[in-house]
S.K.: 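Just passing along the structure, written as structure tokens.
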There are 2 protein chains.
Amino acid sequence: MNIGQASGASGVSAKMIRYYEEIGLIRPSARTATNYRVYSDGDVHVLRFIKRARSLGFSLEETERLLALWQDRERESSAVKAVATSHIEDLERRIGEMQAMVKTLKHLAHCCSGNARPDCPILEDLAGTGPGGPEPVVAPTKDG
Amino acid sequence: MNIGQASGASGVSAKMIRYYEEIGLIRPSARTATNYRVYSDGDVHVLRFIKRARSLGFSLEETERLLALWQDRERESSAVKAVATSHIEDLERRIGEMQAMVKTLKHLAHCCSGNARPDCPILEDLAGTGPGGPEPVVAPTKDG
DNA sequence: CCTTGACCTTACCATGATGGGAAGCCCTAC
DNA sequence: GTAGGGCTTCCCATCATGGTAAGGTCAAGG
């Protein structure tokens with residue numbers, strides 16, 4: 001199987017397959033006499049594993065650890081669970097951060113009339129000024 | 001005020017102040033005779049605006065638009081609100097994606113005994129195999 | 001046999017926002 | 001005058017992915 005077929009069978013782009021090989025996430029594939037990469041069904045299985053791990057948000061580094069555990073018949077499931085739990089915590093932390101942003105933004109957007117007039121509590125918040133506060137004295141951007 | 005003092009007063013690192021200047025987010029600062037960057041209180045105000053926008057998750061591109069609106073006395077608050085609303089939608093989409101990941105991961109982690117035995121529903125999910133399914137025939141990683 | 005088009009190869013560049021470091025100049029205090 | 005800290009520019013790294021260019025290969029068909 002060529003890289004294009006392995007890509008189609010796994011859902012991982014050819015570009016990424018080569019990259020994963022380059023960084024050592026997967027072993028270098030076999031090659032034809034003309035230097036084409038050749039993949040087996042087992043290789044595709046590995047690629048699908050990576051694809052699934054990525055879709056669950058695991059980094060390539062975590063994916064590498066999970067692959068190693070998958071391959072290790074002596075693994076303890078606690079080790080796998082630890083990777084997953086740590087990732088869950090990371091996701092929840094990031095979700096919390098973004099939810100805080102959303103909360104603030106929704107409040108500001110709610111307070112903004114969103115009409116043709118210039119007064120805007122969103123800008124006032126960003127500027128750190130109260131309503132009717134000062135405008136920037138000097139035009140602050142590149143085209144000012 | 002030197003760049004270090006502007007950094008301290010705004011919370012934006014000197015590195016980032018130079019970068020913002022380079023990409024045109026802020027105008028090139030004044031310079032001393034010996035080429036040191038010089039900042040005014042107004043410049044610091046702009047930097048604090050950027051800092052606050054970034055902390056609410058706005059991209060630098062969105063921040064540039066917000067800065068331009070801030071500076072524009074003729075702005076319509078609807079334009080500001082549109083930027084914020086679009087950003088809120090983006091955040092909520094990403095939150096939803098991550099929550100879906102968390103949901104799946106928590107389910108898998110809950111089903112994983114997390115003990116010294118190798119059987120693990122997390123790996124089974126990633127591998128696309130049911131319980132007791134096949135292990136990879138060929139060691140899949142670089143050190144296999 | 002030769003062409004055509006699809007596929008493969010490597011190599012380099014780009015993203016977004018930030019940090020790190022090197023080499024060299026400047027400024028202040030002692 | 002020197003030491004230490006701050007400033008300058010320039011280059012590199014991150015993380016995961018996409019794009020593109022220049023060139024080799026392969027299969028089908030004239």
S.K.: If you restrict it to nitrogen or oxygen atoms, what contacts under 3.5 Å exist between nucleotides 15-18 of chain C and the protein, and what is each distance?
M.R.:
{"residue": "C:dA17", "atom": "OP1", "partner": "B:L60", "partner atom": "N", "Å": "3.0"}
{"residue": "C:dA17", "atom": "O3'", "partner": "B:R54", "partner atom": "NH2", "Å": "2.8"}
{"residue": "C:dT18", "atom": "OP1", "partner": "B:R54", "partner atom": "NH2", "Å": "3.4"}
{"residue": "C:dT18", "atom": "OP2", "partner": "B:Y20", "partner atom": "OH", "Å": "2.8"}

S.K.: In terms of the angle between their ring planes, are A:F58 and A:H87 parallel, tilted or perpendicular, with boundaries placed at 30° and 60°?
M.R.: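 A:F58 and A:H87: tilted rings.
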S.K.: Determine which pairs satisfy salt bridge (charged side-chain N to carboxylate O under 4.0 Å, His left out) with at least one residue from residues 114-123 of chain B, sequence neighbours left out, and list them in order.
M.R.: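 Residue pairs with at least one partner in residues 114-123 of chain B: B:R117-B:D119.
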S.K.: Could you pull out all residues at least two apart from B:R52 that satisfy side chain to side chain donor-acceptor pair (under 3.5 Å)?
M.R.: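 B:R52: side chain to side chain donor-acceptor pair (under 3.5 Å) contacts with A:D125.
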S.K.: How does each nucleotide of nucleotides 5-10 of chain D score, in 5' to 3' order, for protein heavy atoms under 4.0 Å: base (B), sugar-phosphate only (S), or none (-)?
M.R.: -BSBBB
S.K.: Please identify each residue that fulfils ring-ring contact (aromatic ring centres under 6.0 Å, His included) with B:Y20, with sequence neighbours left out.
M.R.: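 Partners of B:Y20 under the ring-ring contact (aromatic ring centres under 6.0 Å, His included) test: none.
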S.K.: Partners of A:D90 by side chain to side chain donor-acceptor pair (under 3.5 Å), sequence neighbours excluded?
M.R.: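 Side chain to side chain donor-acceptor pair (under 3.5 Å) check on A:D90 returns A:R93, A:R94.
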S.K.: Please name all residues satisfying ring-ring contact (aromatic ring centres under 6.0 Å, His included) with B:Y39, sequence neighbours left out, ordered by chain then number.
M.R.: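 B:Y39: no ring-ring contact (aromatic ring centres under 6.0 Å, His included) contacts found.
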S.K.: Got a sec, which residues hit side-chain contact (heavy atoms from CB on, under 4.5 Å) with B:T85, two or more places apart in sequence or on another chain?
M.R.: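 B:T85: side-chain contact (heavy atoms from CB on, under 4.5 Å) contacts with B:K81, B:E89.
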S.K.: For A:E21, enumerate each residue passing the side chain to side chain donor-acceptor pair (under 3.5 Å) test, keeping only those at least two apart in sequence or located in another chain.
M.R.: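 Only A:R37 meet the side chain to side chain donor-acceptor pair (under 3.5 Å) criterion with A:E21.
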S.K.: Residues in salt bridge (Lys or Arg N to Asp or Glu O under 4.0 Å) with B:E22, at least two apart?
M.R.: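 So B:E22 forms no salt bridge (Lys or Arg N to Asp or Glu O under 4.0 Å) with any residue.
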S.K.: Between the two end axes of the helix from C:dC1-D:dG30 to C:dC30-D:dG1, each built from 5 base pairs, what angle do you get to the nearest 10°?
M.R.: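 Helix axis angle between the two ends: 30°.
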S.K.: Scan for side-chain hydrogen bond (donor to acceptor under 3.5 Å, both in side chains) pairs involving residues 101-110 of chain B, sequence neighbours excluded, and state none if there are none.
M.R.: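 Output for this query lists A:E92-B:K106.
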